[in-house]
Amino acid sequence: MAINGQLYVCGVNLCNQYHQPIQLRGMSTHGLQWFNNCYNDASLNVLADEWRADLFRIAMYVQEGGYETNPPWFTNRVNELVDEAEERGLYAMIDFHTLTPGDPMYNLDRAKTFFAAVASRNADKKNVIYEIANEPNGVGWGTIKSYAEQVIPVIRANDPDAVIIVGTRGWSSLGVSEGANADEVINNPVNASNIMYAFHFYAASHQDLYRAEVQRAAAALPLFVTEFGTVDYTGDGGVDVGSTNAWINLLDQLKIGYANWTYSDANEGSGAFNPGTCNSGDFSGTSNLTASGNLLRSRISTPDNFPTS
Ligand code: IDC
């Protein structure tokens, strides 16, 4: 972050303060309501220093025991984690983790309240990226676009220069998981500047068809893989090493940023640490990593070589 500074969207890329396209690589939290003990000085030091991550995505569920149950607590916790990320030179992605119900309009008022609070509080920081709806599903693109055009101005009024990421139809599949494709976005983009669109995949479930669509869409839309898994779409099962590497190679080639689900010790294939690691507090090294954690650590920790001219 020290090198890259304030980010902005340039064409279909994310650019740094030197006006050069960059790719950010990092990890997503699991739900803060369940895995809050995984995010502390020790775990974030390891993420920044050993994994050499650029990005920390803060997944704040809205339902399932999340934000709606205690807005002040979740707002405060997100802000604390933004500060912890900043101290370590990490970009912080504030994820309004809607999932069920899939219609983002269900949470429109909550989104406006939440984003007004976090955007005003973090306006002067350079490390914050806003993700306004994790995975819309069961609703058309028009509804998602309308939601975005109501939430984005609330953020902009408080934090005018931050990058904002908009979820896409079909669990942020650019529509593919609901039988559509990226043309609905390309032909009818959100009426706002400095924004990107989210694409999510789970490598064991989403393969060539999805990779082809990302490659095609990336020529027209600024994309950010704000969440992906090495396993199947349930977040569990075995790591698909071949598909994961094919995906990450493609993202590297296109300079598309990514965050992996999850930097946690969840007892599911997508968790990076073995169950019990967060209570033990021993995040360092590789002995407590799962197969997924090992793969991601080795992919993320390679040099960034961020351009300065
Ligand atoms: C999963 C979690 C699991 C939890 C479930 C429901 O791994 O522990 O019970 O959510 O909250 C997504 C979602 C993400 C899912 C993940 C795996 O963004 O919340 O996490 N997934 O199913 N989209 C596709 C997959």
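Nothing fancy with the numbering, it's 1 onward along the sequence. One-based numbering, in listed order, for ligands and for the atoms of each.
Between Tyr67 and Phe114, the two ring planes are perpendicular [angle over 60°; tilted spans 30° to 60°].
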Ligand 1 N/O to protein N/O, distances under 3.5 Å:
from	atom 1	to	atom 2	distance (Å)
ligand 1	7 (O)	His30	NE2	3.4
ligand 1	7 (O)	Trp261	NE1	3.1
ligand 1	7 (O)	Glu268	OE1	3.4
ligand 1	7 (O)	Glu268	OE2	2.6
ligand 1	8 (O)	His30	NE2	3.2
ligand 1	8 (O)	Glu268	OE1	3.0
ligand 1	8 (O)	Glu268	OE2	3.2
ligand 1	10 (O)	Tyr61	OH	3.1
ligand 1	11 (O)	Tyr61	OH	2.9
ligand 1	11 (O)	Glu64	OE1	2.8
ligand 1	11 (O)	Glu64	OE2	3.1
ligand 1	18 (O)	His97	NE2	3.4
ligand 1	18 (O)	Asn134	ND2	3.0
ligand 1	18 (O)	Glu135	OE2	3.4
ligand 1	18 (O)	Glu227	OE1	2.9
ligand 1	18 (O)	Glu227	OE2	2.9
ligand 1	19 (O)	Tyr61	OH	2.8
ligand 1	19 (O)	His97	NE2	2.8
ligand 1	20 (O)	Trp261	NE1	3.3
ligand 1	21 (N)	Tyr202	OH	3.3
ligand 1	21 (N)	Glu227	OE2	3.4
ligand 1	22 (O)	Tyr233	O	2.8
ligand 1	22 (O)	Thr234	O	3.0
ligand 1	23 (N)	Glu135	OE1	2.6
ligand 1	23 (N)	Glu135	OE2	2.6
ligand 1	23 (N)	Glu227	OE2	3.4

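Atom CD1 of residue Ile22 and atom CG of residue Asp304 lie 8.5 Å apart, to the nearest 0.5 angstrom. Taken to the nearest 0.5 Å, the OG1 atom of Thr234 stands 5.0 Å off from the CG atom of Asp236.
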Passes ring pair (Phe, Tyr, Trp, His ring centres under 6.0 Å), Phe224 versus Phe199? Steps please.
CA-CA 6 Å; Phe224 204 118; Phe199 180 81; over 10 Å; no

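Ion pairing of Glu50 with Arg297 is present here, as a side-chain N (NZ or NE/NH1/NH2) and a carboxylate O approach within less than 4.0 Å.
In the displayed structure, Asn187 atom CG is contacted under 6.0 Å by more than 12 heavy atoms of other residues, nucleotides or ligands.
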